[in-house]
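Note on naming: letters A, B, ... go to the chains in the order of the sequence lines (proteins, then strands), and numbering restarts at 1 for each one. Computed from a predicted structure; not experimentally measured.
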Amino acid sequence: MPRYNPSEIETFWQAYWEREGTFATPELPHGPKRYVLDMFPYPSGDGLHVGHPEGYTATDIVARYARMRGETVLHPMGFDAFGLPAEEHAIKTGEHPRVQTKRNIDNFTRQLKMLGFSYDWDRVISTTDESYFRWTQWIFLVLYDTWFDRESQKGRPIAELPIPKSVELAGEEAIGKYRDERRLAYQADALVNWCPELGTVLANEEVQDGKSERGGYPVKRIPLRQWMLRITDYAERLLEGLDELNWPVGIKKLQQDWIGRSTGAEVDFFIGDDSAREPWLESRRTTGFPDDPGHDALRVYTTRPDTLFGATYMVVAPEHPLVKSLTHPEQADAVASYCEKASFKSDRERTDGDRGKSGVFTGSTAVNPVTGGRIPIWVADYVLAGYGTGAIMAVPAHDARDFEFAVSYDLPVIPVVDPPSDHPKREGILAGKVCFEAKGAAINSPGYDGQQTDEVKRSVTQTLTKDGLGNGAVNYKLRDWLFSRQRFWGEPFPILHELDSLGQPTGVKRPVPDGDLPVRLPDLEDYKPHGRPEPPLAKADDDWLYVELDGKRYRRETNTMPQWAGSCWYYLRYIDPTNEKQLIDPEKEKEWMPVDLYVGGAEHAVLHLLYSRFWHKVLYDRGHVSCPEPFNRLVNQGMILGEVEYTGYRDEAGNPVSAADVGKDEEGNRVTASGSAVSVVSLQDADLDKVGETFVLKSNSEIRVDSRAFKMSKSRGNVVNPDDIVQQYGADSLRLYEMFMGPLEATKPWAMTGVGGVRNFLDRVWRMIVDDKADELRLSAAIMEEQCDESQLRMLHQTIKKVTEDTDAMSFNTAIARMMEFTNFFTRAKKRPAEAMRTFIVLLAPYAPHLCEELWRLLGGKNSVSLESWPQWDEAALIESSIEIPVQINGKVKVKISISPDTSRDSMMEIALGDERVQALLEDKTLVKQIAVPGRLVNLVVK
RNA sequence: GCCGGAGUGGCGGAAUUGGCAGACGCGCCGGAUUCAAAAUCCGGUGAGGGCAACCUCAUGUGGGUUCGAGUCCCACCUCCGGUACCA
C-alpha cells in the first residue's frame, strides 16, 4: 500500500538535494537577487525548539518561491556559538567549551537539515570559528582605528584626527592619549556588578534587588577598566537611518525610544562665593559658554529651560565628580554614607519606580541664573550620573519626580506655568499643591509672563546663550556600549598593553598586527572563577599572556567580547564565507547587500539590531561596505506558546473554588478572598462548558476556570520538541502547521490536533494524485492527460493567483487554506487533469518540499520541482459567468440575485428592482435612496 | 505609570481595507463503507425562536459617523508583550 510516508520521502529528498547541490548559491547573482536571512540561533544543548522552525520555514518559503521566480537567492544559516551556557558547562565538567559547542552545532545542523530548509550549507559559519572571529577582531580594530567627526557626522581614520597645537607640543604620549580619548573603541572605568561570593562580574540581568540571581549573594558595584564602544556618536545617524527601512513601526519606535533623543539646554549655576559672582558673570559674558563649566559652576541639562524660574533646588547624582567639593564639613558623614549605600544598589534597583525618593543635603547652595536667588544643592539617587550632566535643576511645580522629592523634604514649590483655564486641577497647581507637567502660559517669570511654553523655552535659551550661562543641547538616553566581558568563551580582544622594564603597564596600547590575527583563546586547566574581578584569560600561561614585539614586552588584553560581537556582522560573512584576505570581497558585497528580508524574534528588536546597524555604519564610513543600512526589511515572527491549559482551583478541604474568587497574596501565592490557600488542578476541556466569556465546570456552572496558553518552558513542561513532531507527522507537516497556525507575526498557542489537521491535508494531496489502493506506487486512475473543464480551470487559476499574492505578502496561512480548497475540490473530481496537478504541486512545493518532490517525480517531472518556474495565472480564466450578489434593504440582506460580474451599476439596479421578491418587500414603502456597487451589492433605502 | 499589540463560533483563525461576518483547519453531530474498529468518503455545525418558508440577535462594552461598520471616530474594560525616575 503506497501510503504517504514522510520519513522515507523526506530523508530521500534531503539526500538528493545535498548530492545534487540543488540549493548551492553562485558567487555572484545573475539577474535579480534576493538575500533572505534568518537570525542565526545560539546552539543550546536543548536543541531546536518549535519557535526556530517558525521563522525558518517562513524564510524558506520565501527563498524557494523567489528561486522559482527566477531570482538568485542567498539563503544561509550559521551559529551564534559564543556564550555563557557553554562556559558554565565547562566550569562544571572541565570540558572545553569548544567541544560542547561542536556537539550542539552538529545536533542543530541535523535538526535543521531534517526540516528540509533550502540553505546553502557550503556557506555555514559559526562565530566561534577562528576563520570567522579573526574578522570580528579585525572589525574591532577598525573601530579602534576610527574617530567620529561631528562636523561631517562620519567616522574617519584616527590618523586624520586633527591634533590641537598644545597637545602636539606636549609630545608623543600626549598625542597618543588625545587619540585614545576619541577612538570609537576606548577604555574607561565603568561600574560593574561584582559579586565577591561568586567571584565574578555579573550582567545587569543577572542581578536582582542587589543580589545575584544565582545564590542570592550580595553584589557590589565597583569601577573596573572596561572597553566601551562610542555608539552614542552614531545616535543621530542611527535615528535617521530608520526612516528608510521597511521595518514594523513598533520596532522602529522601540529603537527610537532606546536612542531617546531629547532637546533642551545646558545651564550653568554659579556655586562660588557671592563676592566672586559679578566677575564670573562678566567673564562669561565675554568668553561665552565654555565646554567645561569650571570649578565654580554646576552644569545641568534640562528639557524645560522655560521653567528655570521655578527651579527651587538642585540635585547631583551620588557619583557626580563635584559631590565631595560641594559637601559641607558638617554634612560630610551623611553624604558619604548616602553615596556608599547608593553604590550597592544596582542600576535596576535604583531606577525601580515607586520606591520613594531619598536624598541628602550637601550643605551648599547655587545661584539660580535667572532669579539670582540661592537654592540648595542635594545629592539623590533619582538623578542618574550617566545621563545629561549628572546634575539637575529641580522644578517641583512641573516635574513629578522633583515634586515627590520636594514634598518628602519640604522644599519650596513655585509654579511658573499656568495650565489652560479649563484644567480641572488648576487651582491646586497654582497653589503649588499639584504638579503640572504640560505646556501653558508662563507666570512668576518676570519678563516672560503670559508667553507660551515653547516661546519661553526659545527666548530663555537665547538669553542664557547671550550671557554665556547656557546653550541649546541635545541628549540621548543611549549610552556607550560596554563591550568587554570577564568571560572565557568569547572573542579575545586583539589588543596588547605595553609593559615597562618592571613588568608594569605603561598605559600605551597597541593593536595586534593584522598578520597575527586571529588571537586565539588559550587552553586553560580549569574555567572556574578565581575570586578576583579579573577575567579568566588572566589565568592563561605566560606564553599566551605575554608577547614580545619590536623589542617591547606586552601583556594581552584578557577581557573578551560580548556575544553581540559575532552577531553584529555575520550577514556580511555569508556572502564571502571563506575569504582569507578580506572581511568580504567588495564586488560580492555590492551585488548581494543589503539583506532583503530578515526574520527573527522580537526579543532582538533593540540591542542586536541596533548594534548591528552601528557596526555596519562604521564599516560604511570606512569604506568596507557600500550600503548605509544592513537590513532592508525586517519581520518579527510571533511567539509560539504551549497548548492551552485549563486551570481549576480547590480549597484546603478539596472543594472547587471559582477562579473569580481566587487572587494572589503579596508573595504571589494563590489565595481566596479570605486569604486561605488554594491548590491548582489541571482540567481537560471535556470537563468544561463555556458560559458567556468564561469557562466553567460541567459539574457545577458556578465554578469558573482559568484558560490560558503559557510560554513554553522546561519547568512548566509544555515544551514541544520538533524531533518528536517530525517523527510522528513528518517535516512537511511541521512546516505547514507552523505556517497555518495564524499570521507569522502573531503570538499563537500550539495545538497538537492542528498538526494532525495539516497532516490530514497532505494525506489528501497524496491521495489526490497517488493510487493508494495499488500495491506499487502509481498515479491515481483519476489523473488524466486532459484539459480542465471551465470550473476546474477557474479553480486552478484562482489558486495560482491567491497563493502567489499571499506568498508575496507572507500571508502563508491563507495561501495554505486556498490550497486546501483546491485539494478538496479536485479530490471530489472524477477526472483530474495531470497538468493542473503538476501546477498545483509547484505551488505547494515551497511549503511542503519533500512531498512535492515525490509527487512531481511521479507526475513525470525529471528534475527537482525546486527548479521549476512559478506558474502564472490567466485573468481570463478567473472570470465567472455569473455571480450572486445580495440585495439589501436598509443595509440588511434580504434577497440574492444572479448577475454577470460586469453588469453596470444601472442594470444592476434594474435587475434588482425587477425582482419580484424585491418588489414584494418594497410594497407600501417609499424608496428613498438606491445604492449599487458593481460586482458587490445593491442597497435600497426605504421608509 | 508609560509605550506597543490584541479582543470575532467550543478552539486556531478568515474577511479583496467601509460592502453577503465566520473562508480554511480542529473539535463535535449525522450518514456511507466495515462482522467490528481504525482509516476513508459524504453531509451538517454562531446563538435564540418557528412544523416550515423564515424571523430576531450576534465581531470586548457604551456612544457616534454612514445607505451600509469586525473594519472609521470618541470614551471605557480586559488580556498579552515591552519598558521603567533619562530631567
Side-chain angles (χ1 to χ4, degrees), chain A residues 3 248-251 253-254 256-258 260-262 264 300-304 307 315 348 350-355 357 380-384 386-395 398-402 404-405 437 475-479 602-603 605-606 638-639 641 644 685-686 688-690 693 695 707-709 711 737 740-743 745-758 760-761 763-764 767 772 802 805 811 813-821 824 827-828 884-893 896 928-931 933 935-942:
Chain A
R3 294 265 286 273
V249 283
I251 302 293
K253 182 116 201 323
L254 277 175
Q256 280 162 7
D257 290 352
W258 190 264
R261 184 183 202 270
S262 74
V300 301
Y301 170 71
T302 177
T303 53
R304 293 291 300 270
T307 60
V315 184
R348 195 164 279 237
R350 275 180 50 177
T351 55
D352 224 5
D354 330 325
R355 215 166 266 234
K357 293 188 174 37
D381 66 5
Y382 81 91
V383 172
L384 306 174
Y387 183 79
T389 62
I392 61 154
M393 63 177 212
V395 185
H398 304 292
D399 180 283
R401 296 152 301 180
D402 297 343
E404 191 191 336
F405 191 81
E437 294 186 294
N475 251 299
Y476 302 90
K477 287 192 208 175
L478 186 69
R479 304 294 160 78
E603 67 273 20
V606 179
M639 209 190 331
L641 306 174
V644 173
D685 62 351
L688 307 169
D689 271 331
K690 182 136 191 193
E693 296 274 272
F695 283 92
S707 115
R708 218 196 114 180
K711 212 166 153 169
Y737 172 62
F740 188 58
M741 289 174 90
E745 291 94 334
T747 307
K748 331 162 253 277
W750 185 271
M752 218 46 100
T753 52
V755 189
V758 291
N760 225 335
F761 162 61
D763 277 324
R764 278 168 75 82
R767 282 194 303 271
D772 68 329
K802 181 79 174 149
E805 287 172 352
S811 302
N813 54 333
T814 49
I816 294 168
R818 181 64 205 188
M819 291 191 274
M820 288 173 168
E821 285 185 74
N824 291 342
T827 322
R828 270 189 287 265
E884 207 176 49
I885 61 152
V887 178
Q888 300 180 334
I889 292 186
N890 290 342
K892 303 217 162 167
V893 181
K896 291 189 179 172
V928 183
K929 197 167 176 179
Q930 317 173 9
I931 296 125
V933 183
R936 295 244 72 107
L937 52 50
V938 170
N939 189 15
L940 304 171
V941 185
V942 299

Q | Sugar-phosphate only, base, or nothing, as touched by A:S262 at under 4.0 Å among non-hydrogen atoms | A | sugar-phosphate
Q.
Please tell me if A:R3 has a side-chain N or O lying less than 4.0 Å from either OP1 or OP2 of B:A39.
A. no
Q: Tell me which nucleotide among B:A87, B:G82, B:G12 gets nearest to the side chain of A:V383.
A: B:A87
Q) Counting any heavy atom closer than 4.0 Å, what does A:R828 reach on the DNA or RNA strands: base, sugar-phosphate only, or nothing? A) sugar-phosphate
(Q) A side-chain contact here means heavy atoms from C-beta on lying under 4.5 Å apart; do A:V941 and A:I931 qualify? (A) yes
Q: For A:D763, answer base if it contacts any base atom (sugar-phosphate contacts may also be present), sugar-phosphate if it contacts only those atoms, and nothing otherwise; contact means non-hydrogen atoms under 4.0 Å.
A: nothing
Q: Report which part of the nucleic acid A:E745 touches: base, sugar-phosphate, or nothing (heavy-atom distance under 4.0 Å, all strands).
A: nothing
Q | N/O (side chain, A:N824) to phosphate O (OP1/OP2, B:G25) under 4.0 Å | A | yes
Protein-nucleotides 63-69 of chain B N/O pairs closer than 3.5 Å?
unit_1, atom_1, unit_2, atom_2, d
B:C67, OP1, A:K929, NZ, 3.2
B:C67, O2', A:N939, ND2, 3.3
B:C67, O2, A:N939, ND2, 2.3

Q.
Going by the glycosidic torsion and a 90 degree boundary from 0, is the base of B:G9 oriented syn or anti?
A. syn
Q) Between A:R261 and A:G250, who's closer to the 5' end of RNA chain B by nearest nucleotide? A) A:G250
Q) Is B:U17 in the syn or the anti form, by the rule that syn lies within 90° of 0? A) syn
Q.
Under 4.0 Å, heavy atoms only, any strand: does A:R764 hit a base, just the sugar-phosphate, or nothing?
A. sugar-phosphate
Q: Would you classify A:N813 as touching base, sugar-phosphate or nothing, given that sugar-phosphate means primed atoms plus P, OP1 and OP2, and contacts are heavy atoms under 4.0 Å?
A: sugar-phosphate
Q) Just checking A:K477: base, sugar-phosphate only, or nothing, at a heavy-atom cut-off of under 4.0 Å? A) base
Q: Name the nucleic acid region contacted by A:K896, choosing base, sugar-phosphate or nothing; use a 4.0 angstrom heavy-atom cut-off, strictly under.
A: base
Q: Using the criterion of both pairing distances under 3.5 Å for Watson-Crick and G-U wobble pairs, give all stems of 3 or more consecutive pairs involving RNA chain B.
A: B:1-7 with B:77-83, B:10-12 with B:24-26, B:27-32 with B:40-45, B:46-49 with B:54-57, B:60-64 with B:72-76
